[in-house]
Amino acid sequence: MAFYGIAIVVVALDQASKWIAIHIADGGPLLGDFLRLTLTYNTGAAFGLFPGARLPFVIISGVAALGLVYAHHVLSSAARARRIPLALVLGGTLGNLIDRVRVGRVTDFIDMGLGDLRWPTYNVADIAVVAGAAALAARLVTEIARERGGAHCASESVDVRARESVDAG
């Protein structure tokens, strides 16, 4: 149940923050020049790629959301730590999908950088997707390293025992 709860919280935070950015906030600096509120609308993919491609991104987002739900259901109990990152990605995907379906574009408003050197404007859904994907990648790298480390230790102990039996014989 936590999986769906996390996804719902991400969607709620994303949609609420976008509503505030559109209806209440007046733009401008939040933390000096480093963090500003700049309302933009993205009709394409991340970083404004493929502008106007609404239908393909609605389909891709829908398929991705279904894939994330499926992954959640097939994960073993041992892979429980992967569920939170998957829930973050699902919530972010659904947050931006709601925008695409409802108004045909994604609302972005978080503008970070220094002077003219700025990151593309983004939103809470984007933060959740990136954080979830990064956490999932870190978890997978850790698991692979642990497996390889365990296999390495096991092969070393076999080598030591083999040398000991040769030395004893």
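Predicted, not measured: the structure shown is a model, and the values here were computed from it. Computation of the quantities below employed the complete heavy-atom set of this structure, encompassing side-chain atoms and omitting hydrogens, waters and symmetry-equivalent molecules.
Considering only residues two or more places apart in sequence or on other chains, H23 meets the side chain to side chain contact (heavy atoms under 4.5 Å, CB included) condition with W19. Taking the side chain to side chain contact (heavy atoms under 4.5 Å, CB included) definition, one finds that I110 meets it with L35, Y122, I127, sequence neighbours left out. Residues satisfying the side chain to side chain contact (heavy atoms under 4.5 Å, CB included) test with V9, not counting sequence neighbours, are L13. Shown here are the side chain to side chain contact (heavy atoms under 4.5 Å, CB included) partners of A87, two or more places apart in sequence or in another chain: F3, I6. For D99, the side chain to side chain donor-acceptor pair (under 3.5 Å) partners are Q15, K18, not counting sequence neighbours. In terms of the side chain to side chain donor-acceptor pair (under 3.5 Å) criterion, residue partners of R82 (sequence neighbours excluded) are, by chain and number, E143.
A ring-ring contact (aromatic ring centres under 6.0 Å, His included) check over residues 97-116, counting only residues at least two apart or in different chains, returns nothing. Counting only residues at least two apart or on different chains, the salt bridge (charged side-chain N to carboxylate O under 4.0 Å, His left out) pairs with a member in residues 112-125 are D33-R118, D111-R118. Annotation: salt bridge (charged side-chain N to carboxylate O under 4.0 Å, His left out) contacts involving residues 22-32, sequence neighbours excluded, are absent. Within the structure, no pair that satisfies the side-chain hydrogen bond (donor to acceptor under 3.5 Å, both in side chains) test touches residues 51-68, not counting sequence neighbours.
With hydrophobic clusters built from ILVMFWY side chains whose heavy atoms lie under 4.5 angstrom apart, L31 shares a cluster with W119. Both L94 and V101 belong to a single network of hydrophobic side chains, linked directly or stepwise wherever heavy atoms of I, L, V, M, F, W or Y lie under 4.5 Å apart. Hydrophobic clustering of Ile, Leu, Val, Met, Phe, Trp and Tyr side chains at less than 4.5 Å, counting indirect connections, keeps I98 apart from I8. L140 and Y70 fall into different hydrophobic clusters, where Ile, Leu, Val, Met, Phe, Trp and Tyr side chains are chained together by heavy-atom contacts under 4.5 Å. Hydrophobic clustering (side-chain heavy atoms under 4.5 Å, transitive across Ile, Leu, Val, Met, Phe, Trp, Tyr) keeps Y41 apart from V103.
The minimum heavy-atom distance between V11 and G91, with the atom names listed, is CG2-O, 3.4 Å. When all heavy atoms are compared, the tightest approach of A71 to L86 is CB-CD1, 4.1 Å. Between V69 and L90, the shortest heavy-atom distance links the atoms CG2-CD2, 4.0 Å. Shortest non-hydrogen contact noted between A25 and L37 is CB-CD2, 3.0 Å. Nearest approach of V10 to G92, heavy atoms of both residues: CG1-N, 3.5 Å. Closest heavy-atom contact between S17 and V124: OG-CG2, 3.3 Å.
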Working for side chain to side chain contact (heavy atoms under 4.5 Å, CB included), residues L68 and L66: CA-CA 5 Å; L68 290 163; L66 291 173; over 6 Å; no
Under the criterion side chain to side chain contact (heavy atoms under 4.5 Å, CB included), I'd like the reasoning laid out for V129 against L88: C-alpha separation, chi angles, the key distance, then a yes or no. CA-CA 6 Å; V129 169; L88 290 172; over 6 Å; no
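Of the options D14, N123, N42, L39, a side-chain contact (heavy atoms from CB on, under 4.5 Å) to T107 is made by L39 and by none of the others.
Alongside L55, the hydrophobic cluster contains I59, V63 (criterion: ILVMFWY side chains under 4.5 Å). Using a 4.5 Å cut-off between side-chain heavy atoms of Ile, Leu, Val, Met, Phe, Trp and Tyr, V106 forms no hydrophobic cluster with any other residue.
Rounding to the nearest 0.5 angstrom, the gap separating the CD1 atom in I60 from the CG atom in L97 is 11.5 Å.
A donor-acceptor contact shorter than 3.5 Å is absent between the side chain of N96 and the backbone of T93. Between the side chain of R83 and the backbone N or O of L75, at least one donor-acceptor pair lies under 3.5 Å.
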